[in-house]
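Down below is the structure, laid out as structure tokens.
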There are 2 protein chains.
Amino acid sequence: MIRRFRGESLHKVDAKGRVSVPAAFRRVLEEGDPDFSRGSSPNFVIVYGGVRGDCLEGYTISSISKVDKLISKLPRFSKDREMLERFINTQSTYMQLDETGRIVLSYRLKEKIGIRDEAIFAGMGEKFQIWEPKNYQNELNALDTSFKNLSEDENPFLKLDQLQD
Amino acid sequence: MIRRFRGESLHKVDAKGRVSVPAAFRRVLEEGDPDFSRGSSPNFVIVYGGVRGDCLEGYTISSISKVDKLISKLPRFSKDREMLERFINTQSTYMQLDETGRIVLSYRLKEKIGIRDEAIFAGMGEKFQIWEPKNYQNELNALDTSFKNLSEDENPFLKLDQLQD
DNA sequence: TGCTATCCTATGGGATATCATGGAATTTTA
DNA sequence: TAAAATTCCATGATATCCCATAGGATAGCA
């Protein structure tokens, strides 16, 4: 089975910026790091810029590598490639869990998404997100409203089965 | 895992032109220098001419070799090859980190991109860039605007998924 | 089915190493 | 030999490591 990021949880951020990554997510990060071995700590990547400025997004090494590989296929110096690299490479950073399963969010990262002393982790399948709790709630509410306003044939749940073949 | 240049950071440039290269980038430079050994300092290449006159671009030895190889495939004496060699080979220079992880930017290099006493390092996957901070901000803003003005089918993120297969 | 031992998780504090940066000393070079 | 470049120390700030604790969950056992 390939594990995916599932669930949401709230964690304290201490004075040094340290936060526990949910235990369930650690298993996914371990599986997604080709260099991980029992006894060590997995690496992964946090993307902080780009399309969404309101949360951080965590990717396993293997899933970000897929993206990196696709980008490398684009012609060097092309506008598309530069743009993607700016969003995916420049505005991101390698991270490593410590032995107790924590990471440290630098001042810059915390500031970027308005985090003070608590953070919400939300599983999103191939990636996870880190939110300031209030912003997260707003995001959920907004999503709810926009979902309710969809017409029948815009409903993504229904579109899902049409993809199937 | 093959590390890539990720993240961005601001560094002071002192009177002698010395700047710290971000610690994370040093690891990539070390990995990318076939002659590197523990205890020594990695070599790499800075390209200052060519396509973009507004920033410097740093390549690991192994990634500049890839580019060199591509250029060698072009017909000798062709205009294209001549041009690329001028930009990539002529307008570039070998560099070596010192023991504290710094390089020195000569007056010429600083002048080229308008740097005075601060420099931004930006990871771009297989290479990194060095910018004068204000110019960098302008670059980011311009990128943002042009991204927002893209039509659906011009969105490089969406194109990425089409490459897949 | 209640008790206890064990493990894992979340969190905190202090010690230590690394990083970014500045200045002095020394070598090179024109 | 003066200017420029390189090497060698120095230091505060930051990040990393190491240890400690408390609560929850699980498992084994009587």
Side-chain angles (χ1 to χ4, degrees), chain A residues 3 5-31 36 38-44 46 48 56 58 93-112 115-123 128 130 133, chain B residues 3 5-30 38-44 46 58 93-111 115-123 128 130-131 133:
Chain A
R3 268 168 202 284
F5 295 106
R6 284 183 193 286
E8 47 190 345
S9 55
L10 176 71
H11 294 269
K12 293 241 183 301
V13 180
D14 73 14
K16 298 182 193 174
R18 293 181 298 186
V19 232
S20 292
V21 171
F25 288 11
R26 292 178 212 162
R27 302 293 99 76
V28 188
L29 292 174
E30 289 167 2
E31 282 183 15
F36 171 78
R38 276 195 49 71
S40 74
S41 301
N43 283 90
F44 64 103
I46 283 186
Y48 53 86
L56 308 177
T93 171
Y94 285 107
M95 294 247 124
Q96 185 171 28
L97 290 183
D98 68 18
E99 268 136 72
T100 65
R102 286 182 289 192
I103 52 170
V104 358
L105 299 178
S106 66
Y107 177 78
R108 273 196 65 215
L109 286 185
K110 288 196 290 179
E111 197 239 354
K112 205 106 188 162
I115 276 187
R116 288 178 49 83
D117 56 358
E118 286 187 320
I120 297 248
F121 284 74
F128 66 88
I130 307 177
Chain B
R3 262 171 205 285
F5 294 106
R6 283 188 192 281
E8 47 192 342
S9 55
L10 176 72
H11 293 269
K12 293 245 184 299
V13 179
D14 72 13
K16 301 179 193 173
R18 292 181 301 184
V19 233
S20 291
V21 171
F25 287 11
R26 292 178 212 161
R27 303 291 102 75
V28 187
L29 292 175
E30 290 168 2
R38 272 194 52 71
S40 74
S41 301
N43 283 91
F44 65 103
I46 282 188
T93 170
Y94 284 105
M95 293 244 121
Q96 185 171 28
L97 290 183
D98 69 18
E99 267 137 72
T100 64
R102 285 183 288 194
I103 51 171
V104 357
L105 298 177
S106 67
Y107 178 77
R108 270 194 68 214
L109 286 184
K110 288 196 292 179
E111 196 243 351
I115 276 186
R116 288 177 49 82
D117 56 357
E118 287 187 318
I120 297 248
F121 285 73
F128 67 87
I130 305 177
W131 288 84

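Fair warning: this is a prediction, and the values are worked out from it, not measured in the lab.
With hydrogens and angles disregarded, no donor-acceptor distance shorter than 3.5 Å links the side chain of Glu8(B) to the backbone of Ile120(B). In this structure, the side chain of Gln96(B) does not engage the main chain of Pro42(B) through any donor-acceptor pair within 3.5 Å. The main-chain N or O of Arg3(A) is never found under 3.5 Å from a side-chain atom of Arg27(A) such that the two would form a donor-acceptor pair.
Put simply, chain A comes within 4.0 Å of DNA chain D, heavy atom to any atom, from dT16(D) to dC18(D), going 5' to 3'.
Looking at Phe44(A) and Ile103(A), their side chains come closer than 4.5 Å, going by heavy atoms from C-beta outward. The shortest distance between side-chain heavy atoms of Leu10(B) and Pro133(B) falls below 4.5 Å. Between Ile46(B) and Ile130(B) there is a side-chain heavy-atom pair separated by less than 4.5 Å.
Atom CG in Asp117(A) sits roughly 15 Å away from atom C1' in dA10(C) (whole-Å rounding). Remark: C1' of dC19(C) and CG of Leu97(B) are 13 Å apart, rounded to the nearest angstrom. Taking atom CD1 of Ile103(B) as the reference point, atom C1' of dC19(C) lies 16 Å away to the nearest angstrom. Note: CG (Asp14(A)) to C1' (dG12(C)) measures 7 Å, nearest angstrom. Spacing between atom CD of Glu99(A) and atom P of dT16(C) amounts to 17 Å, rounded to whole angstrom units. Whole-Å rounding puts the Glu30(A) CD to dT9(C) C1' distance at 14 Å. The separation between Asp98(A) atom CG and dT9(C) atom C1' is 12 Å, rounded to whole Å. In this entry the distance linking CZ of Phe121(A) with C1' of dT9(C) reads 14 Å, nearest Å.
Nucleic acid contact for Val21(B): sugar-phosphate only, since backbone atoms but no base atoms lie under 4.0 Å from a heavy atom of the residue. Here Arg108(A) lies out of heavy-atom contact (under 4.0 Å) with every strand.
The Ser20(A) side chain lies nearest to dA10(C) when the options are dA10(C), dG23(C), dG12(C). Checked against dT11(C), dT21(C), dC19(C), the side chain of Thr100(B) finds its nearest nucleotide in dT21(C). With dT11(C), dG23(C), dC19(C) as the choices, the nucleotide that has an atom nearest any side-chain atom of Arg102(A) turns out to be dT11(C).
Where Ala23(A) and His11(B) each meet DNA chain C at their nearest nucleotide, the meeting point lying more 5' is that of Ala23(A).
For Arg27(A), a side-chain nitrogen or oxygen approaches OP1 or OP2 of dT9(C) to under 4.0 Å.
Using modelled atom types and a 3.5 Å distance limit, the side chains of Ser106(B) and Arg108(B) yield no donor-acceptor pair.
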